[in-house]
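We use all heavy atoms of the structure for the numbers below, so side chains are in, but hydrogens, waters and symmetry mates are not. Letters A, B, ... are given to chains in the order of the sequence lines, protein chains preceding strands, and every chain is numbered from 1.
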Protein chains: 2
Amino acid sequence: MSVADRKAREKEALKALILKGAKKLFIEKGIEQTTIRNIADEIDYSVGTVYVYFKDKTAILHDLHSIGFQELGSYFQELFKIKDPMERLRKMGFAYIKFALENQEMYDLMFNLKAPMEFLEKSENEDWDEGAATFNRVKVTIEECINKGHFKGHNVEPLSFMVWSLVHGMCCLEIRQRTKGVKFSNPDTILFDGYNEYLKIIEKM
Amino acid sequence: MSVADRKAREKEALKALILKGAKKLFIEKGIEQTTIRNIADEIDYSVGTVYVYFKDKTAILHDLHSIGFQELGSYFQELFKIKDPMERLRKMGFAYIKFALENQEMYDLMFNLKAPMEFLEKSENEDWDEGAATFNRVKVTIEECINKGHFKGHNVEPLSFMVWSLVHGMCCLEIRQRTKGVKFSNPDTILFDGYNEYLKIIEKM
DNA sequence: TAAAAAAATGAACGCTGTTCAGAAATAAAA
DNA sequence: TTTTATTTCTGAACAGCGTTCATTTTTTTA
């Protein structure tokens with residue numbers, strides 16, 4: 001192991017440390033309320049150092065958004081053992097909602113905040129690989145459903161987008177306080193009640 | 001007409017002028033990119049004056065969010081002439097998407113940004129009247145559908161929430177660049193293609 | 001041990017939302 | 001009309017933000 005190798009490892013370690021500190025503060029006090037100075041303080045480095053390892057704030061937010069997709073992946077892990085695509089589709093939406101509710105700041109970062117997309121626009125590879133890969137998992141599952149005779153007369157891609165929008169919409173309204181705003185008769189379970197109506201609809205499809 | 005009356009009118013006029021200037025800049029260069037100084041410059045008043053008429057930035061954003069709901073209302077105007085509730089429900093979602101796409105910054109403000117909800121939390125009346133009223137229009141329509149024998153075995157409130165989430169989710173993904181991120185085979189029409197899948201589903205319900 | 005390279009620093013810049021003592025304009029009173 | 005009182009408006013000043021970069025500190029190489 002050369003010195004250069006060790007240095008490279010140390011660089012990665014400090015980058016990871018910054019991201020870890022950032023994530024901690026994001027969850028503790030919200031992304032908007034967290035400053036670069038906060039992050040630097042949290043890990044006992046100076047502001048300048050943060051900028052040695054990250055071009056700007058959107059770079060931190062983008063890297064953290066990628067970590068979020070890894071975490072969402074772990075929520076999906078079990079799902080692909082399920083052979084029946086309809087059953088998998090049902091459980092997938094459920095897992096998605098569960099992830100969003102248990103990781104609200106991370107979900108917001110992944111699917112709502114502008115920063116990660118702004119970072120992509122500035123960078124070489126403009127593609128949103130994380131989003132595309134996750135969407136593909138829905139698409140593949142729905143394609144299997146169609147191949148098994150479900151969703152007659154439907155098209156894979158727009159149908160997948162519709163399903164994604166449905167669960168995303170619920171999570172988004174919840175996280176951005178629009179469900180608290182509209183007082184539901186059963187506010188604590190509205191997401192799952194809503195998702196249940198969708199399950200009833202696709203039951204016989 | 002007393003002097004006090006005229007002054008009250010002038011106060012309202014200046015408040016409206018500030019909102020008008022703010023809205024113009026929001027649409028022109030985005031809400032996040034617009035500062036109080038920008039707004040003051042736009043209407044040829046000083047920063048201080050803006051703060052005489054509005055407690056803080058969230059107050060401006062909340063008032064503008066209310067104006068947005070009035071505008072959404074005008075998109076809904078024609079709908080309640082439609083007697084068939086299923087037909088009205090279909091057109092309503094369409095109008096909702098149309099509004100979102102034609103007024104992206106306003107839609108974001110109404111259904112996504114934290115500011116209007118933060119303003120509500122600070123104010124006396126914490127209820128989100130605008131959201132509740134709009135949601136009620138969906139609820140009433142779906143209730144009519146159920147009374148006519150549609151949506152058997154479904155519950156009005158969670159079903160309405162599901163429908164709202166579906167269209168909101170699509171608009172939200174589009175406005176926050178998540179559809180541009182995932183490259184669809186037909187990117188320009190994905191919202192309407194997605195909505196069409198939903199229409200196919202509720203066709204025989 | 002000295003020179004070179006790499007890493008970390010924090011003061012400084014221009015921006016933000018917000019405040020508030022004082023100036024300017026208007027209304028009321030003399 | 002002139003004086004006083006009231007209302008309206010102003011913009012410098014403040015603290016905090018993301019970001020930069022000349023300088024210092026640490027580490028590696030000679």
- Message: Is it the case that the ring center of B:Phe111 lies less than 6.0 angstrom away from the ring center of B:Tyr107?
- Response: yes

- Just jot down the salt bridge (charged side-chain N to carboxylate O under 4.0 Å, His left out) partners of B:Glu203, sequence neighbours excluded, or say none. none

- Message: What is the distance, to the nearest angstrom, from the CG atom on B:Asp44 to the P atom on D:dT8?
- Response: 20 Å

- Item | Nearest atoms (heavy-atom pairs only) where B:Ile97 meets B:Cys171 | CA-SG, 4.0 Å

- Query: Just how far, in rounded Å, is P of C:dG10 from CG of A:Asp41?
  - Reply: 11 Å

- Inspect the surroundings of NZ in B:Lys114 and state if more than 12 heavy atoms from other residues, nucleotides or ligands are less than 6.0 Å away. yes

- Would you please name every residue forming a salt bridge (charged side-chain N to carboxylate O under 4.0 Å, His left out) with A:Glu174, sequence neighbours left out? none

- Query: Quick one, which residues of residues 32-40 of chain B touch DNA chain C with a heavy atom under 4.0 Å?
  - Reply: B:Thr34, B:Thr35, B:Ile36, B:Arg37

- Would you mind reading off the distance between A:Glu10 atom CD and D:dT27 atom C1', rounded to a whole angstrom? 10 Å

- Task: Examine A:Tyr195 together with A:Tyr198 and report whether their ring centres are nearer than 6.0 Å.
- Result: yes

- Task: Can you tell me the distance, in whole Å, between the NZ atom of A:Lys57 and the P atom of D:dC17?
- Result: 9 Å

- Message: Can you confirm if the aromatic rings of A:Phe119 and A:Phe54 lie within a centre distance of less than 6.0 Å?
- Response: no

- Closest non-hydrogen atoms of A:Ala100 and A:Ile175, given as atom of the first, atom of the second and distance, are O-CD1, 3.9 Å

- Query: Between atom CD1 in A:Ile18 and atom C1' in C:dA8, what is the gap in whole Å?
  - Reply: 11 Å

- Query: Of all residues at least two apart in sequence or in a different chain, which pass the salt bridge (charged side-chain N to carboxylate O under 4.0 Å, His left out) check with A:Glu42?
  - Reply: A:Lys24

- Query: Which whole-number value in Å describes the distance from A:Ile43 CD1 to C:dT9 C1'?
  - Reply: 13 Å

- Message: For a quick check of understanding: with a heavy-atom distance under 4.0 Å over all strands, which category does B:Leu14 fall into, base, sugar-phosphate or nothing?
- Response: sugar-phosphate

- Query: To the nearest angstrom, how far is A:Lys11 atom NZ from D:dT26 atom P?
  - Reply: 20 Å

Nucleotide N/O to protein N/O under 3.5 Å, stretch nucleotides 21-28 of chain C:
from	atom 1	to	atom 2	distance (Å)
C:dA27	OP1	B:Arg6	NH1	3.3
C:dA27	OP1	B:Arg6	NH2	2.3

Polar pairs (N or O, both sides) under 3.5 Å between protein and nucleotides 21-24 of chain D?
none

- Are A:Phe99 and A:Tyr96 near enough that their ring centres are under 6.0 Å apart? no

- Message: Categorize A:Phe54 for me: base, sugar-phosphate, or nothing, with a 4.0 angstrom heavy-atom threshold over every strand shown.
- Response: nothing

- Message: Quick check: on DNA chain D, is the nucleotide nearest B:Val50 upstream (toward 5') of the one nearest A:Val47, or the reverse? Name the residue that is more 5'.
- Response: B:Val50

- Can a salt bridge be assigned to the pair B:Glu10 and B:Arg6 using a cut-off of 4.0 Å between side-chain N and carboxylate O? yes

- Note on the structure: In whole angstroms, the gap separating C1' of D:dG18 from CG of A:Leu61 amounts to 12 Å

